[in-house]
Amino acid sequence: MKIATWNVNSLNVRLPHVLEWLETATPDVLVLQEIKQITEAFDQESFRAAGYHAVASGQKTYNGVAVISRGESSDHITDFPDFEDSQRRVLAATIDGVRVVNLYVPNGHSVGSEKYQYKLGWLAALHNFLQVELKDHERLVVLGDFNIAPDDRDVYDPEKWGEAILCSPAERAALGKLLDLGLTDVFRQFDQPDSTFSWWDYRAAGFRRNAGLRIDLILASEALAKACQNSYVDREPRTWERPSDHTPVVADFDI
DNA sequence: ATGGTGGTCCAACCA
């Protein structure tokens, strides 16, 4: 089973890219973030025509997540229990016996800001949610735009970036707590080229300079991490005309 | 050294 994540920064704009990528990469599951459209505007028909099931938890202008899958998905969850949030950032679904949790983690703006506090509170609610999900699902994959670079290898210039947003100790500790639940960042189970990133700022010619971060992650439960055959970043869609600022990240599972 | 792009939607916010 080939599972991928992609922050598309508006599905209205990027639908042709997503359809093109589905056709060439042929994932079994693709989860999207920042679709930036209401659920009613989500173009299920285009995905059906491409041979995929598709569900979305949409929102106007900001956020919004979707799950595209070859197999039918069920048991959808769009909110953490006991965490009131109008922002559509979560979509969990079960596909062919695999529990898939699609996340668009808050960006946090800057360390110490109100948005940063929201991010840390959101991550705490995520932790509680995953604790329960892991009890219920042996085969669990948690993937999406985490807006956290796990360590210095995931940052183009760690000296310059320092402990700023996406790299602050509290964010990395929150990610560490998720991993402590029994999840593995499957990308790091394999040899990877240096300076492999999944996001490059549109500003300052980030992509041309490879000034990026690896903030799009695929975390797998023990059973799935063991079954993972490969994981990689597919940079190609970032070279296409009018690209998202993120590119797809993929994991192949022998299941 | 600074500032720079892009999406949504038309002023300003978000990233």
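Numbers restart at 1 for each chain; the letters A, B, ... are given by sequence-line order, proteins then strands. What you see is a predicted model, and the numbers here were worked out from it, not measured in a lab.
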Exercise. Identify whether the distance between the nearest side-chain nitrogen and carboxylate oxygen of A/Arg48 and A/Asp43 falls below 4.0 Å.
Key: no
Quiz prompt | Close side-chain approach of A/His53 to A/Ser73, heavy-atom, < 4.5 Å | solution = no
Quiz item: How many Å lie between CG on A/Asn63 and C1' on B/dA15, as a whole number?
Solution: 11 Å
Practice problem: Grab the CG-C1' distance between A/Asp245 and B/dG4 for me, whole Å please. | Solution: 15 Å
Quiz item: What is the distance from CZ of A/Arg88 to C1' of B/dC14, rounded to the nearest Å?
Solution: 18 Å
Practice problem: Indicate whether OP1 or OP2 belonging to B/dT8 is found under 4.0 Å from a side-chain N or O atom of A/Asn12. | Solution: yes
Quiz item: Between the side chain of A/Asp145 and the main-chain N/O of A/Trp6, is any donor-acceptor distance below 3.5 Å?
Solution: no
Quiz item: Atom NE2 of A/His17 and atom P of B/dG6: how far apart are they, to the nearest Å?
Solution: 13 Å
Quiz prompt | Nearest-neighbour nucleotide for the A/Tyr202 side chain, B/dC14, B/dT8, B/dT5 considered | solution = B/dT5
Quiz item: Taking atom P of B/dT5 as reference, at what distance in whole Å does atom CH2 of A/Trp199 sit?
Solution: 15 Å
Quiz item: Atom NZ of A/Lys160 to atom P of B/dT2: distance rounded to whole Å?
Solution: 11 Å
Quiz item: B/dG7, B/dC9, B/dA15: which one has an atom nearest the side-chain heavy atoms of A/Thr61?
Solution: B/dC9
Practice problem: Assign A/Arg14 to base, sugar-phosphate, or nothing according to its heavy-atom contacts below 4.0 angstrom with the strands shown. | Solution: sugar-phosphate
Quiz item: Between B/dG4, B/dT8, B/dT5, which nucleotide gets closest to the side-chain atoms of A/Ala204?
Solution: B/dG4
Practice problem: Starting from P on B/dA15, measure out to CG on A/Asp201 and report it in whole angstrom. | Solution: 13 Å
Self-check item: Cation over ring face, A/Arg214 and A/Phe197, 6.0 Å, 45°
Solution: no
Exercise. Pick base, sugar-phosphate or nothing for A/Tyr104, based on heavy-atom distances below 4.0 Å to the nucleic acid.
Key: sugar-phosphate
Practice problem: Using the P atoms only, state how far B/dG6 lies from B/dA1, rounded to an integer number of Å. | Solution: 25 Å
Self-check item: C1' atoms of B/dG7 and B/dT2, separation to the nearest Å
Solution: 24 Å
Quiz item: If only side-chain N and O atoms of A/Lys60 are considered, is one of them under 4.0 Å from the OP1 or OP2 phosphate oxygen of B/dC9?
Solution: yes
Self-check item: Beyond-backbone contact of A/Trp200 with A/Thr247, side-chain heavy atoms, under 4.5 angstrom
Solution: yes
Quiz prompt | Selected nucleotide, minimal atom distance to A/Tyr62 side chain, candidates B/dT8, B/dA15, B/dC14 | solution = B/dC14
Quiz item: Looking only at atom P, what distance separates B/dA15 and B/dC9, rounded to whole Å?
Solution: 15 Å
Self-check item: A/Lys115 side-chain N/O to B/dC14 phosphate OP1/OP2 under 4.0 Å
Solution: yes
Practice problem: Could you give the distance separating B/dA11 and B/dT5 at their P atoms, to the nearest angstrom? | Solution: 22 Å
Quiz item: Of A/Arg242 and A/Glu34, whose nearest nucleotide on DNA chain B comes first from the 5' end?
Solution: A/Arg242
Practice problem: Have a look at A/Arg89 and say if it touches a base, only the backbone sugar-phosphate, or nothing, with a 4.0 Å heavy-atom cut-off. | Solution: sugar-phosphate
Quiz item: Toward the 5' end of DNA chain B, which comes first, A/His109 or A/Ile35, by nearest nucleotide?
Solution: A/Ile35
Practice problem: Decide, yes or no, whether a salt bridge links A/Arg88 with A/Asp79 under the criterion of side-chain N to carboxylate O below 4.0 Å. | Solution: yes
Exercise. Specify the separation, in whole Å, of atom CD of A/Gln33 and atom P of B/dA15.
Key: 14 Å
Quiz item: Now, which nucleotide makes the Watson-Crick or G-U wobble pair with B/dT2, with each of the two distances under 3.5 Å?
Solution: none
